[in-house]
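Encoded as structure tokens, the structure appears first; notes follow it.
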Amino acid sequence: MNSTRNYIEFVLDNKIQKIEWNGTHQLSPTTTLLQYLRSLENHKGTKEGCGEGDCGACTVVVAELENEKLVYKAVNSCLIFLPQVHGKQIITVENLAKENTLHPIQSAMVELDASQCGFCTPGFAMSMFALYKASGVTNESEILDAFAGNLCRCTGYKSILNAAHKALGSKTKDQFSEIENDIKQKLRNIQHKNGLFTTELQQYYAPKSLTEALTIKKNNNKITVIGGASDVALRVTKKKEIIPQILDLSHISELNFINKTSQGFEIGSATTLQQLKEAVKSDLPAFDNILSVFGSKQIRQVATLGGNIGSASPIGDTLPLLMAYKAIVTVKNLSEEREFPLTEFITGYRQTQLKEDELITKIFIPIPDSSVHIDIQKISKRVDLDISTVCGVLRLELESDNTIKNINLYYGGMSAVTKGAENTEKFLLSKKWSKETLTEAMPFIEKDFTPIADARSEAEGRMIFAKNLLLKFWENFQK
Amino acid sequence: MPNKIVHESGNLHVTGKAVYIDDINTPSNTLHGFIVTSPIAKGILKSFDLSDALETPGVHAILSYKDIPGQNQMGTIVHDEVILVEKDIEFIGQGLFIIAADNEHCALNAKAKIKMEIEELEPVISLEDSMKLGLKLHDTIVMESGNINTEFAKCDHIIEAQIENGGQEHWYLETQVSLAIPGEYDEIKIYSSTQHPSETQALIAEALHVGKHAVVVETRRLGGAFGGKETQANNVAIWASLLANKTQKPVKIRLFRDEDQKITGKRHPFLINYKIGFNNDGIIKAYFVDFNANAGYSSDLSMAILARARTHAENAYFIPNIRIESTAWKTNIPSNTAFRGFGGPQGIYAIEDAMERVALKLGKEPAEIKYKNFYKHDINNTTPYGEIVENNRIYTIWDKIIEDSDYYSRKKKINEFNKNNEFKKRGIALTPVKFGISFNTPFLNQAGSLVNIYTDGTVLVNHGGIEMGQGLHTKIGQIVADEFGISLNKVKVNATITSTVPNTSATAASSGTDMNGMAAKNAADKLIARFKEFLTKHWSANTYKCQPENIIFKDNKVIDLGNDLNNIEFTEAVNLLYLDRISLSAQGFYKTPNLYFNNETQKGRPFHYFVWGISISEVELDILTGRHKILRTDILHDTGHSFNENIDIGQIEGAFIQGVGWCTSEEMKWDKKGNLLNHSPDTYKIPGIRDIPEIFNVELLKNAPNPNTIKQSKAVGEPPFIHGLSVFFAIKHATAAVNDHKKYPNLNIPATHEKIILAIDELKNNK
């Protein structure tokens with residue numbers, strides 16, 4: 001590789017920090033940002049509560065240049081590999097106060113009793129800080145959304161919400177506004193070359209171009225591919241794996257795009273779910289709905305659409321919806337490009353059509369005709385940050401007399417793969433869209449699925465949920 | 001709020017400067033402690049060979065039970081818990097060996113090389129199986145009053161029911177952690193995430209076979225505890241100490257979240273059978289209840305937890321004839337343990353369920369039935385254990401909350417709503433709480449303190465209580481600052497250290513401020529007496545004659561009310577005492593007065609006083625998805641004369657939401673082999689920010705000073721946990737609305753989305 005860098009550079013404590021992998025390193029390239037911060041003497045404010053992105057105690061803010069603007073994002077530092085922060089600014093809870101003057105979000109939290117044991121507090125503070133730095137007025141649902149990825153076991157949340165309202169109700173320029181130009185300049189000075197970080201046990205590739213990435217993939221068939229790493233990082237934090245080879249796609253701008261055409265959205269595979277959520281909000285409202293209860297904002301800001309599809313989880317909530325939208329997946333190797341409808345792309349439990357030398361490059365989501373009604377319903381124990389017990393999607397077209405012209409029902413959580421309820425669909429086709437027909441259709445769900453029991457639900461519960469969703473769809477779309 | 005005093009660590013929390021044990025910068029030779037745990041729930045460790053594993057690079061020590069210098073024992077009340085398995089394996093996650101290594105990967109490499117032969121036996125995992133097999137940990141304990149048998153025969157109605165509740169994982173944000181640093185001779189210092197440093201110290205001394213004076217346990221603060229660090233911090237502290245002692249290097253053990261969830265104890269699941277007898281007027285005449293607790297593999301605190309379940313079996317109701325049976329059953333899961341409420345929630349759950357069924361049977365309003373049966377002021381005020389209920393505040397609370405919450409008119413509106421909505425149903429419920437304050441075991445009700453005044457007039461308070469977020473240190477600081485009449489910033493509360501205040505009790509049973517606050521006041525009082533004695537002589541000799549009773553401490557001054565020229569800065573007074581060679585340090589002590597209990601007769605006066613409260617919650621249930629939302633909760637709660645209202649309200653809000661979690665989304669399942677399926681926050685769901693009530697009113701009962709307690713306040717930690725039950729019963733009402741309240745839903749705690757739709761399915765199909 002030409003002009004490869006074996007180091008990463010990022011801004012921390014307003015200074016450029018450099019970490020080099022030159023054979024005498026302490027840190028592995030799959031060291032998480034959290035592990036790195038906690039190894040420093042003066043950054044132990046960032047806490048590990050769970051090591052899997054479910055509690056938010058490790059939340060830090062990553063600021064990056066987007067169109068010459070510094071954008072502040074709250075992320076889970078436990079699910080980010082160190083090389084992923086190259087070229088970015090890291091802000092931790094220790095950075096918020098200027099000398100002894102608390103940041104407005106901090107003083108609001110102190111004054112309004114938003115901390116008790118204090119262990120979750122740095123995470124909440126950072127989520128609140130990211131909101132503070134977002135432009136415009138913050139509404140209630142944005143506040144709740146920002147904290148959906150932070151758990152507190154002491155306060156019952158009310159005092160934290162009060163503090164957020166107080167701090168966000170009167171935003172002013174803070175110390176970060178003052179140094180923004182300086183930080184931007186520092187970030188601009190960081191070189192973005194292809195990265196390769198090698199230790200005795202690991203090789204971590206961070207290419208800049210798709211061609212580089214495909215070459216690496218071709219030469220290293222078993223390499224682990226990451227977009228945001230929010231899933232793969234669990235192998236490090238929970239299973240204590242030393243992953244031998246990593247291909248990090250997060251620095252490839254060719255894979256990070258959203259193009260809207262008259263037909264639909266073309267989305268680069270490294271696009272984050274949060275970017276997607278915001279881009280398709282008005283055209284594909286069902287996406288906005290489901291992504292509002294998908295993971296947390298911290299996770300959505302790093303997790304990619306390509307990663308979500310590539311992992312082919314039986315309960316990945318975007319999958320049944322993408323199927324209902326008749327999404328097309330494009331994959332590529334060095335010599336050719338192939339396209340699959342998503343329904344065909346996924347072949348089994350965590351299995352896809354992807355060949356060893358291929359990468360998912362983009363996903364096309366057609367904008368359906370206005371006669372098409374799409375609804376997604378997620379059943380989960382908790383509203384936020386909970387994997388679906390059952391997730392159901394309806395795609396419906398009615399004749400003018402309310403007869404069902406076309407219907408697709410996709411379910412996640414009901415079998416080893418996300419799939420359609422074919423018997424139920426067949427029964428419903430050409431019948432009236434009515435409560436009675438949908439009630440009659442309920443027993444057909446039993447022909448379509450034989451769900452399993454697991455930590456989330458028993459099989460019997462899943463079956464009732466799946467049936468009930470038919471009525472739920474009707475409740476939401478009464479004609 | 002005037003003179004609002006915020007949490008003493010608030011500033012440190014929000015800046016990340018608050019130091020938890022894992023944040024202590026450790027010496028560079030600190031080793032990583034690692035536990036090799038049992039992969040099976042029941043079996044026999046027949047043999048093992050550590051020799052290959054010991055050769056692993058980066059490994060400094062691997063210990064088995066054979067390497068424990070002292071007793072291989074960490075049972076706190078009953079000695080039935082080994083530190084490391086000798087032969088019998090009792091649950092998945094039990095400690096077999098401990099490793100000290102340079103880092104986690106070295107330890108994992110060593111673990112892979114340990115050779116052992118284990119014979120697997122059939123475990124008993126469920127409470128039902130344990131009961132079928134008769135695996136009692138201890139004899140059943142019975143508490144009785146009146147005569148249920150003769151009374152049941154006279155009742156107009158009898159209802160019998162079986163209910164159950166699930167366990168609850170504490171989910172403190174900070175997992176269990178200990179840092180052990182060997183010292184000179186046999187000495188060792190341990191930073192432990194314990195709620196009970198004196199016990200941690202004792203167990204380490206026994207394990208290391210050294211005197212307790214050689215062991216110092218220090219705890220600055222905990223990242224949450226909720227009872228989960230009362231005994232459950234001990235194993236990690238002992239393991240770290242054994243490794244530090246062996247290697248003579250500092251050793252830290254911090255459990256990863258999944259590990260913590262898998263190996264530590266939780267709230268006890270109960271299976272409860274009850275029979276309730278009542279008359280047409282709704283008056284309860286007789287109640288039989290049988291509490292069966294899934295204790296896990298060892299005793300731990302199970303018998304004390306059952307004692308609290310028994311003493312809360314009648315909640316706020318006078319029941320003239322009552323028989324309470326209680327049994328702890330052994331299973332091959334981690335030993336269940338203390339958790340906020342300590343058996344009280346389970347006991348109260350049963351009687352509240354019974355009250356709801358009585359109301360349904362009589363076609364009456366549940367709140368009315370509850371009201372009719374409340375303890376009275378002068379008659380019908382003796383508890384089943386013989387303690388008289390004094391200062392009963394339930395009626396005051398009732399009058400106010402019924403009006404403030406608009407209970408009756410909302411109930412009507414809910415009935416209308418339910419008539420007009422097919423897929424959404426609403427429910428409202430009221431639950432009272434009466435909670436006894438004091439450890440059920442009288443001797444535990446003691447506390448100590450050490451107050452030092454330094455010559456610059458600053459004060460350092462040491463006491464035996466642990467700060468775990470509840471604001472204990474803030475309140476203790478307030479108490480001492482008020483006693484000396486000095487600014488709060490002149491007072492610091494020290495980390496809790498066994499070498500400054502010895503032989504303390506756990507910070508538990510909601511009693512932290514009550515007891516340690518009194519102990520701190522006691523020390524301050526001794527010092528104040530020294531000031532008064534000295535200043536009386538000093539002023540009388542040098543300025544104006546002075547009477548000691550006229551001396552007050554106020555506004556950072558010491559003032560003679562008899563003569564305003566006798567007036568001195570506190571700091572100056574301190575200096576005068578110092579120069580006169582008067583000690584500026586005093587120990588304080590407190591024992592809760594007038595407590596006694598006879599374990600044979602199960603009669604006595606176990607509680608210093610009772611805390612009272614009522615909560616009313618309204619929920620809306622989506623009957624297709626089982627999802628509920630809490631539309632509104634009103635809580636009126638008795639904290640006596642609160643001297644830190646914001647801290648008390650924070651405790652109530654937090655306890656309520658924790659109670660809601662126990663009642664709704666927090667569910668644990670084990671497979672047949674004894675593996676906990678919900679061992680991470682991925683599948684174990686504590687409430688999140690969108691789960692709190694849309695309208696959430698928490699109010700403290702005003703004008704209710706508590707006699708004979710610190711600053712006339714009341715304990716606050718556990719009682720408001722019970723308020724979560726109002727959400728559970730509101731969900732039950734919403735569920736029952738599916739069938740127009742014709743039948744009582746078969747719905748237990750936790751009422752998860754799944755359990756709710758199954759209950760609805762049963763109601764609809766008349767199963």
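Proteins come first, then strands; the chains are lettered A, B, ... in the order of their sequence lines, and each starts at number 1.
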*asked:* Can you tell me which portion of B/D682 sits under 4.5 Å from chain A's heavy atoms? Options are side chain, backbone, both or neither.
replied: both
*Measure distances from B/R627 to the heavy atoms of chain A and classify the residue's part below 4.5 Å as side chain, backbone, both or neither.*
side chain
*Just wondering, do B/F423 and A/L471 contact through their side chains at under 4.5 Å, heavy atoms?*
yes
*Heavy-atom distance under 4.5 Å to chain A: side chain of B/D691, backbone, both or neither?*
side chain
_Between A/K158 and chain B, with a heavy-atom cut-off of 4.5 Å, which part of the residue counts as in contact: side chain, backbone, both or neither?_
both
*asked:* If you count heavy-atom pairs within less than 4.5 Å of chain A, which of B/I686, B/V698, B/T752, B/D258 leads?
replied: B/I686
*Fit a plane to each ring of B/H13 and B/Y20, take the angle between them on a 0 to 90° scale, and name the class: parallel (under 30°), tilted (30 to 60°) or perpendicular (over 60°).*
parallel
*Select, from A/E48, A/Q377, A/K467, the one with the greatest count of heavy-atom pairs under 4.5 Å involving chain B.*
A/E48
*Identify which part of A/D145 has an atom lying under 4.5 Å from any heavy atom of chain B, answering side chain, backbone, both or neither.*
both
*If you count heavy-atom pairs under 4.5 Å between each of A/T92, A/N42, A/T237 and chain B, which one has the most?*
A/T237
*Heavy-atom contact with chain A under 4.5 Å, split by part of B/I692*: side chain
*Measuring heavy-atom distances to chain B, does A/D386 have an atom under 4.5 Å in its side chain, in its backbone, in both, or in neither?*
both
*Counting heavy-atom pairs under 4.5 Å to chain B, which of A/K44, A/R153, A/E458, A/Q116 comes out on top?*
A/R153
*asked:* Please classify the contact between B/F696 and chain A as side chain, backbone, both or neither, with a heavy-atom cut-off of under 4.5 Å.
replied: both
*With distance as the sole criterion, is a donor-acceptor pair present between the side chains of B/E653 and A/T155 under 3.5 Å?*
no
*asked:* Just so I know, are the side chains of B/R632 and B/D634 near enough to count as touching, which here means a heavy-atom distance under 4.5 Å?
replied: yes
*Give a yes-or-no answer on whether the side chains of B/N103 and B/H32 include a donor-acceptor pair shorter than 3.5 Å.*
no
*Under 4.5 Å heavy-atom distance to chain A, tell me which part of B/T683 shows up: side chain, backbone, both or neither.*
both
*asked:* Heavy-atom cut-off 4.5 Å, strictly under: side chain, backbone, both or neither for A/E41 against chain B?
replied: both
*In terms of heavy-atom pairs under 4.5 Å with chain A, which of B/L12, B/I652, B/L173, B/D671 leads?*
B/L173
_Given heavy-atom pairs under 4.5 angstrom as the criterion, report whether the side chain, backbone, both or neither of A/A57 touches chain B._
side chain
*If you take all heavy atoms of B/S665 and B/P687, which pair is closest and at what distance?*
OG-N, 4.3 Å
*Student check: side-chain heavy atoms of A/I379 and A/C391 closer than 4.5 Å*: no
_Given heavy-atom pairs under 4.5 angstrom as the criterion, report whether the side chain, backbone, both or neither of B/D622 touches chain A._
side chain
*Option among B/K755, B/K266, B/K685 that satisfies the salt bridge (charged side-chain N to carboxylate O under 4.0 Å, His left out) test with B/E667*: B/K755
*Residue selection (most heavy-atom pairs with chain B, distance under 4.5 Å) from A/G118, A/G461, A/G45*: A/G118
*Student check: side-chain heavy atoms of B/M468 and B/Q195 closer than 4.5 Å*: yes
*Decide yes or no on side-chain contact (heavy atoms from CB on, under 4.5 Å) for A/L79 and A/L234, but give the supporting numbers first.*
CA-CA 7 Å; A/L79 297 184; A/L234 301 180; 3.7 Å; yes
*asked:* I need the residue from B/G688, B/G10, B/G16 with the largest number of non-hydrogen atom pairs under 4.5 Å to chain A.
replied: B/G688
*Contacting region of B/E422 [heavy-atom separation from chain A under 4.5 Å]*: side chain
_Residue B/I657 versus chain A: region with a heavy atom under 4.5 Å_ = side chain
*Donor on one side chain, acceptor on other, A/E94 and B/T15, under 3.5 Å*: no
*Does the side chain of B/E169 come within less than 4.5 Å of B/N678's, by heavy atoms?*
no
_Chi angles and distances behind the side-chain contact (heavy atoms from CB on, under 4.5 Å) call for A/K240, B/L108_ = CA-CA 9 Å; A/K240 322 291 179 194; B/L108 283 164; 3.7 Å; yes
*With a 4.5 angstrom heavy-atom cut-off, which part of B/K669 approaches chain A: side chain, backbone, both or neither?*
side chain
*Under 4.5 Å heavy-atom distance to chain A, tell me which part of B/E666 shows up: side chain, backbone, both or neither.*
side chain
*Using non-hydrogen atoms and a 4.5 Å limit, figure out which bit of A/L151 sits close to chain B: side chain, backbone, both or neither.*
both
_Measuring only between side-chain heavy atoms, which start at C-beta, is B/D648 closer than 4.5 Å to B/S642?_
yes
*Contact origin within B/H170 toward chain A - heavy atom pairs under 4.5 Å*: backbone
*Taking the inter-plane angle between the rings of B/F226 and B/F339 on a 0 to 90° scale, is it parallel (under 30°), tilted (30 to 60°) or perpendicular (over 60°)?*
parallel
*Side chain, backbone, both or neither: which part of B/E104 has a heavy atom under 4.5 Å from chain A?*
side chain
*Heavy-atom pairs under 4.5 Å with chain B are the metric here; pick the option from A/S115, A/C117, A/A114 that has the most.*
A/C117
*asked:* Looking only at heavy atoms and a cut-off of under 4.5 Å, which of A/N150, A/L161, A/T46 has the most pairs with chain B?
replied: A/L161
*Give the intermediate values and the outcome of side-chain contact (heavy atoms from CB on, under 4.5 Å) for residues A/L40 and A/L12.*
CA-CA 11 Å; A/L40 305 175; A/L12 177 66; 3.8 Å; yes
*In terms of heavy-atom pairs under 4.5 Å, which option from B/I689, B/V6, B/L677 contacts chain A the most?*
B/I689
*chain A heavy atoms under 4.5 Å from B/I623: which part of the residue, side chain, backbone, both or neither?*
backbone
*B/H637-B/H723 aromatic ring centre distance below 6.0 Å*: yes
